[in-house]
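Read through the structure below, which is laid out as structure tokens, and then see the notes.
Counting begins at 1 with the first residue of the sequence. Only a predicted model underlies this, so the values are computations on that prediction, with no experimental measurement involved.
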Amino acid sequence: MSAPAPSSLAIVDAEPLPRQDEVLTPAALAFVAELHRRFTPRRDELLARRGERRGEIARTSTLDFLPETAAIRADDSWKVAPAPAALNDRRVEITGPTDRKMTINALNSGAKVWLADFEDASAPTWENVVLGQLNLIDAYNRAIDFTDPRSGKAYALKPADELATVVTRPRGWHLNERHLQLDGTPVPGALVDFGLYFFHNAQRLIDLGKGPYFYLPKTESHLEARLWNDIFVFAQDYVGIPQGTVRATVLIETITAAYEMEEILYELRDHASGLNAGRWDYLFSIVKNFRDGGAKFVLPDRNAVTMTAPFMRAYTELLVRTCHKRGAHAIGGMAAFIPSRRDAEVNKVAFEKVKADKDREAHDGFDGSWVAHPDLVPIAMASFDAVLGEKPNQKERLREDVSVAAGDLIAIDTLHAKPTYDGLRNAVAVGIRYIEAWLRGMGAVAIFNLMEDAATAEISRSQIWQWINADVVFENGEHATAELARKVAAEELAAIRAETGEEAFAAGRWQQAHDLLLQVSLDQDYADFLTLPAYEQLR
């Protein structure tokens, strides 16, 4: 008697989308189902391990480099695989969601790389998940254009040799995709995003002289990197492409991963491309992990935590040294400024800050950096051109002068800045505005001349939570309390209502966003990720 055929993925609670059958083919869904069967149990174990590790940090208020992997760090003989030609020069990378207009603009931007984002810059509506995949397929087939319905402006791709190389970012391990289920169990969003993109585009990208390249978000340990490596090995065999075709850049945006950078590169070494310093998620991770560690772990206003803060400097310099020791690219952080069409003075000040930030990164040894807007590409490019010249990168700069002790990475109390009342107000204002847009399906949102994504909302609500639970006293004498947060949120909501008008306010998701921000900021039971309760409300 033959074994029963494995059950197939079901599309649940989702209205049909135009051309979805080009993405959700039986063969592609069978591949995603196989990924789910093989790898979701390990994903579940690793998520449980995150909770155990967080419990250890709560007990000890410290972290250290892992004793059990000391031999990997001490062995100078291993390196990651050489970079493919399409990923050798990464001096400027632009980030953004995979909607049709952004796909064209990012590819045309002049940046060397586009981070095509299914993660923090994309709210995971079914439409964004499926049509984002379709936009990338169309772009590789040069079958994509866009006309703005409001302005009438038309967008089309430049010649192929002028387009950015795409590095796709799937969702983090913690998020499920409720619309794709196997035997009633949702598939992890990471496997949906990776699986559909890889299945449809791996061979197509090879034919274009590139390859299936990925950014891996929210990684917390080298064991999570090992899981991704096993997925890459399986996926390449499944579609019949050579091992080592996949390349992955890991975002070091959690405090635990900062202690395992070498081990993460080691686990992915045949598929590793580099590491990236992701600022806002990194700060969010510090607050999340050390939230009960007392006053010495209390962060000031987010804008007061610059990359020159001692503990941030330790993190970025260790990242550069680690990458170059192992032959990997070190990619710097985000310049999130959005140029103003109305205020030249705002632009002037912001452009100077962006230039100073990118100059510092280039001189510190980074091989490239991120921007959020095409107007910033030339500024970042000039900073790296001045240091790199004709060289594609500076991996030969080993930064052997850098020495970082375990305690340096969590020396938060080396900062002299303190939380302020204005900082609380800003966290509330940005949090409400971002969550409202996210609930309407927008993951990248311009707020107060900055491009904000989910990491922004995470640091906003985490700081509100931390300041209240640490009984912070602001410079005006007021205590950070739940009552004060509610008062500020009510005032912010009223200001938004006055600013937008009654009709637009009623059409938005403002009250819902206000309530959700307060829920995740004030609950004693701290939610691991804001996007988990938010996803339940995303329709």
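Around atom CD of Glu127, no more than 12 heavy atoms belonging to other residues, nucleotides or ligands sit under 6.0 Å away.
In plain terms, the two heavy atoms of Gly172 and Ala190 that are nearest each other are O-CB, 4.2 Å. The minimum heavy-atom distance linking Phe529 with Lys288 is given by the pair CZ-NZ, 3.4 Å.
Ion pairing of Glu452 with Arg433 is absent here, as no side-chain N (NZ or NE/NH1/NH2) approaches a carboxylate O to less than 4.0 Å. Taking a cutoff of 4.0 Å between a charged side-chain nitrogen and a carboxylate oxygen, Glu224 and Lys218 do not qualify as a salt bridge. Taking the charged nitrogens against the carboxylate oxygens, Asp375 and Arg341 do have a contact shorter than 4.0 Å, which makes a salt bridge. Asp357 has a carboxylate O that lies under 4.0 Å from a charged side-chain N of Arg360, or vice versa, which qualifies the two as a salt bridge. At a threshold of 4.0 Å, the pair Glu93-Lys112 does not count as salt-bridged, since none of the basic side-chain nitrogens sits closer than that to a carboxylate oxygen. Using a 4.0 Å cut-off between charged side-chain N and carboxylate O, Asp292 and Arg54 make a salt bridge. A salt bridge does not link Lys153 to Asp148: none of the charged nitrogens lies less than 4.0 Å from a carboxylate oxygen. By the 4.0 Å N-to-carboxylate-O rule, Glu352 lies close enough to Lys348 to be salt-bridged with it.
In this structure, CZ on Arg279 lies 11.5 Å from CE on Met334, to the nearest 0.5 angstrom.
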| Does the side-chain hydrogen bond (donor to acceptor under 3.5 Å, both in side chains) test come out yes or no for Thr62 and Thr60, once each step is laid out? | CA-CA 5 Å; Thr62 193; Thr60 63; 5.8 Å; no

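Between Leu251 and Arg169 there is a side-chain heavy-atom pair separated by less than 4.5 Å. Contact of the Glu475 side chain with the Tyr421 side chain is registered, since non-hydrogen atoms from C-beta on lie closer than 4.5 Å. In this structure, Val428 and Glu491 have side chains that are not in contact, with every pair of non-hydrogen atoms separated by 4.5 Å or more.
Figure legend: Arg302 and Trp280 shown as a cation-pi pair, the cationic atom lying under 6.0 angstrom from the six-membered ring centre and within 45 degrees of its axis. With Tyr526 as the aromatic partner, Arg461 meets the cation-pi criteria of under 6.0 angstrom to the ring centre and within 45 degrees of the ring axis.
There is no side-chain donor-acceptor pair under 3.5 Å between Tyr213 and Thr249. Looking at Gln511 and Asp515, their side chains do bring a donor and an acceptor atom within 3.5 Å of each other. No hydrogens or angles considered: a donor-acceptor pair under 3.5 Å links the side chains of Ser273 and Arg90.
A donor-acceptor pair under 3.5 Å is absent between the side-chain atoms of His479 and the main chain of Val473, judged by distance alone. Under the 3.5 Å distance criterion, the side-chain polar atoms of His36 are left unmatched by any main-chain donor or acceptor of Pro188. With hydrogens and angles ignored, the 3.5 Å screen pairs no side-chain donor or acceptor of Asn276 with any backbone N or O of Ile252. With Asp453 contributing its side chain and Ala444 its backbone, the two residues share no donor-acceptor pair below 3.5 Å. Side-chain atoms of Lys418 do not come within 3.5 Å of backbone N or O of Asp301 as any donor-acceptor pair. Ser122 places no side-chain N or O within 3.5 Å of a backbone atom of Pro124 that could act as its donor or acceptor partner.
Aromatic ring centres of Tyr197 and Phe214: separated by under 6.0 Å.
Partner of Phe311 under the side-chain contact (heavy atoms from CB on, under 4.5 Å) criterion, chosen from Ile410, Leu409, Leu283, Asp413: Leu283. Tested against Tyr215 for a ring-ring contact (aromatic ring centres under 6.0 Å, His included), the candidates Trp228, Phe118, Trp370 yield a single pass: Trp370.
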